[in-house]
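Report on the following structure.
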Amino acid sequence: MKPRNLLILFLLVAGLGAYIYFVERDLPSSEERATRSKQLFAGLESDDLVGVTLESEGQSVRLERQGEGDDAEWTLTGPAEIAPARADASAVDSLVDALGELAWSRRLEDGDRAATGLDAPRARAVLAYADGGEKTLEIGAEVPASTQVLAALAGDDTLYVIPGTVVAQLQRPAGNWRDRQLFRGDRDDIHGLTLTSSEGSEVALSRRGERFWLDRPVQDRADRERLDSLLSDLTLLTVERFIDTPAASAAPHEEGGENPRGLEPSRGSVVLTDEAGDELLRLAIGAESGGSRAASGSDGLAADGTISHYARLGERTLVIRSSLPSLLGGTADSWQDHHLTGWRSFQIDRATFTDAGGETVLERSDTDWLRNGERLSYTPVSELLAAVTEAQAERVLDSPAPTGEPRLTIAFAGEDGEQSLALYGGGGALQASAGDRTVVLELAESVAQGIFDRLEEVRAAEPVVEEEETKDSAG
């Protein structure tokens with residue numbers, strides 16, 4: 001065969017291969033096409049819809065998709081007694097997926113609607129499309145001796161036999177379409193917190209960089225462990241149950257009556273704000289929920305130590321189970337950071353320790369450290385930095401910084417800036433001051449001694465001998 005013909009044949013084969021790879025691989029198989037031909041809402045996705053109305057047993061649930069793109073959100077807009085409310089997006093997506101995969105096993109042309117219960121459907125799903133179109137699924141009678149039901153599309157005389165599993169989703173109680181997640185943002189969205197105790201005292205905190213600081217009743221760095229616990233509780237907070245019973249018809253101290261919707265006595269409140277100061281969440285917490293004790297035990301405690309409480313979100317009353325109520329109280333001291341420094345070891349690139357023994361400068365160098373220019377093993381330096389960054393005071397004192405010559409000064413530097421510390425005193429408890437704080441930290445003697453001991457170990461550590469130096473000395 002001539003080379004020219006071989007080249008043409010090669011190009012044809014290559015083109016066919018490219019067509020199969022780029023075009024036909026995305027086309028459905030014969031089996032997939034057969035399945036899609038039986039689907040009543042083939043390819044349906046949440047983004048295709050702007051509204052869903054579910055009707056059954058005298059109940060009408062209206063769900064609307066508001067916003068566009070990533071900002072789109074499903075809202076429960078009916079019935080009026082519980083709307084408006086943020087809808088459970090996962091539940092809506094599950095419904096849409098179920099409808100999109102809904103396929104008939106049998107099709108009956110010109111079926112008798114009256115004989116099959118479709119003249120008065122027991123359930124309906126009205127889908128409003130973003131392009132202005134609308135489709136309605138109607139559910140009729142059950143197929144005898146099966147788990148299937150008869151269904152139809154409004155305006156079409158054709159009847160379909162479909163799985164009955166979809167009926168449960170269409171008949172889901174209206175209240176169960178509400179989103180049980182109270183806070184739908186990220187932790188990083190929170191820039192301000194105001195906690196009000198049952199006595200009315202406030203603790204206000206705000207984000208500065210990666211850390212939170214107290215603004216009221218004192219100005220100081222906030223305790224990171226307590227903040228982490230609070231933020232975890234808030235971002236994972238869910239509704240245990242919604243209270244929809246009118247206050248006038250509820251029993252005293254339960255869901256209204258003498259105790260309006262269970263919110264007295266107050267346990268306090270929490271308000272979250274974003275970087276612009278706009279509210280992200282405002283939650284008032286009230287009395288313990290009496291119903292929680294029967295479900296959790298005689299003391300009302302769950303396995304994780306939490307207790308159910310009534311709460312109010314906007315005009316809605318609900319029951320939450322969380323350790324959040326216990327975090328609303330406490331004095332300013334309980335929110336102040338007892339750590340000697342807010343830095344972590346990995347944030348430190350350079351550390352300078354100065355005392356009567358002189359100055360020791362530690363600089364990060366790849367996986368090791370340099371001590372005054374000499375290479376050291378990572379271990380003794382990491383143990384020293386851990387002793388400093390993990391050290392916690394026994395007490396935080398609102399008093400002037402100690403005067404006189406400090407026993408030890410420490411200076412950190414890294415990508416996050418600089419930090420200076422000073423330790424004062426001899427035997428017994430030592431006092432420490434941090435350059436970014438106006439309080440004095442009282443350290444136990446054992447904690448301070450741990451820092452001094454680790455510093456001496458670093459100063460006594462033998463330098464790491466470089467490989468080339470070893471070869472030179474051997475030669």
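One distance of note links OG1 of T77 with CZ of R62; it measures 5.5 Å at 0.5 Å rounding. Rounded to the nearest 0.5 angstrom, L370 CG and L362 CG are separated by 9.0 Å. Put simply, CD on E288 and CZ on R267 are 7.0 Å apart, with the number rounded to the nearest 0.5 Å. In this structure, H309 NE2 and S266 OG are separated by 10.5 Å, a value rounded to the nearest 0.5 Å. Between the CZ atom of F242 and the CG atom of N176 there is a distance of 8.5 Å, given to the nearest 0.5 Å. In this structure, OG in S322 is found 11.0 Å from CD1 in I307, a value given to the nearest 0.5 Å.
Between L313 and L281 there is a side-chain heavy-atom pair separated by less than 4.5 Å. You'll find the side chain of L227 reaches within 4.5 Å of the side chain of W335, heavy atoms only. Side-chain atoms of E394 and V447, non-hydrogen and from C-beta on, never get closer than 4.5 Å to each other. At least one side-chain heavy atom of Q336 sits under 4.5 Å from a side-chain heavy atom of L214. Within the 4.5 Å cutoff, the side chain of S377 has no heavy atoms near those of the E462 side chain. Between L95 and L170, some side-chain heavy-atom pair lies under the 4.5 Å cut-off. Within the 4.5 Å cutoff, the side chain of D274 has no heavy atoms near those of the D189 side chain. For the pair V388/F412, a side-chain contact is recorded, criterion being any heavy-atom separation below 4.5 Å from C-beta on.
F212 approaches G192 most closely through the heavy-atom pair CE2-N, 4.4 Å. In plain terms, the two heavy atoms of L54 and Q169 that are nearest each other are CD1-O, 4.1 Å. Across every non-hydrogen atom of L455 and L384, the tightest pair is N-CD1, 3.7 Å. Of all heavy-atom pairs between G342 and Q347, the closest is O-OE1, 4.1 Å. Of all heavy-atom pairs spanning A422 and P406, the tightest one is CB-CB, 4.1 Å. S269 approaches A284 most closely through the heavy-atom pair CB-CA, 4.0 Å.
Of the N and O atoms on the side chains of R187 and S232, at least one donor lies less than 3.5 Å from an acceptor on the other residue. Side-chain contact, E199 with S201: no donor N or O sits under 3.5 Å from an acceptor N or O.
Of the possible polar contacts, one joining the R316 side chain to the I82 backbone as a donor-acceptor pair under 3.5 Å is found. A side-chain donor-acceptor contact under 3.5 Å links D179 to the backbone of Q181. Between the R454 side chain and the L385 main chain, no donor and acceptor come within less than 3.5 Å of each other. Between the D366 side chain and the D368 main chain, no donor and acceptor come within less than 3.5 Å of each other. At least one donor-acceptor pair under 3.5 Å links the side chain of R180 to the backbone N or O of V239. Looking at R364, its side chain does come within 3.5 Å of a backbone N or O of I348 through a donor-acceptor pair. Between the R371 side chain and the A461 main chain, a donor and an acceptor come within less than 3.5 Å of each other. At least one donor-acceptor pair under 3.5 Å links the side chain of H338 to the backbone N or O of A393.
Within 6.0 Å of CZ on R282 lie no more than 12 heavy atoms contributed by other residues, nucleotides or ligands. Environment of CD in E225: crowded, with over 12 heavy atoms of neighbouring residues, nucleotides or ligands closer than 6.0 Å. E415 CD: 12 or fewer foreign heavy atoms inside a 6.0 Å radius. The environment of CD in Q392 is crowded: more than 12 heavy-atom neighbours from other residues, nucleotides or ligands sit within 6.0 Å. The environment of E275 atom CD is sparse: at most 12 non-hydrogen atoms of other residues, nucleotides or ligands sit within 6.0 angstrom. Within 6.0 Å of atom OH in Y129, more than 12 heavy atoms from other residues, nucleotides or ligands are found, so the atom counts as buried in its surroundings.
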Q: Begin from the C-alpha positions of E240 and V319 and carry the test side chain to side chain contact (heavy atoms under 4.5 Å, CB included) through to its verdict.
A: CA-CA 5 Å; E240 188 172 67; V319 174; 3.4 Å; yes

Q: Start with the C-alpha distance between T194 and T273, add both sets of side-chain angles, then the distance that settles side chain to side chain contact (heavy atoms under 4.5 Å, CB included), and finish with yes or no.
A: CA-CA 9 Å; T194 301; T273 55; over 6 Å; no

Q: Evaluate the criterion side chain to side chain contact (heavy atoms under 4.5 Å, CB included) for residue pair L318 and L182; output intermediate values, then yes/no.
A: CA-CA 11 Å; L318 36 91; L182 286 184; 4.3 Å; yes

**Q.** Derivation and outcome, side chain to side chain contact (heavy atoms under 4.5 Å, CB included), residues L283 and F183
**A.** CA-CA 10 Å; L283 188 69; F183 180 70; over 6 Å; no

Please tabulate, for side-chain N and O atoms in residues 42-49, each donor-acceptor pair with protein atoms closer than 3.5 Å (sequence neighbours left out).
residue : atom : partner : partner atom : Å
S46     : OG   : D93     : OD1          : 2.7
D47     : OD1  : R65     : NH2          : 2.9
D48     : OD2  : E45     : N            : 2.9

For a quick test of your reading: what N or O donor-acceptor pairs under 3.5 Å do the side chains of residues 428-441 make, sequence neighbours left out?
residue : atom : partner : partner atom : Å
D436    : OD1  : Q419    : NE2          : 3.3
D436    : OD2  : R221    : NH1          : 3.3
R437    : NE   : D220    : OD1          : 2.7
R437    : NH1  : D337    : O            : 3.1
R437    : NH1  : H339    : O            : 3.3
R437    : NH2  : D220    : OD1          : 3.3
R437    : NH2  : D220    : OD2          : 2.7
R437    : NH2  : D337    : O            : 2.7

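Under 4.0 Å is where a charged nitrogen must lie from a carboxylate oxygen, and between D215 and R208 at least one such pair does.
Geometric assessment of R459 against the ring of F353 yields a negative cation-pi assignment under the 6.0 Å and 45° thresholds.
Here the options are T409, N372, T352, the test is side chain to side chain contact (heavy atoms under 4.5 Å, CB included), and the partner is E359; only T352 passes.
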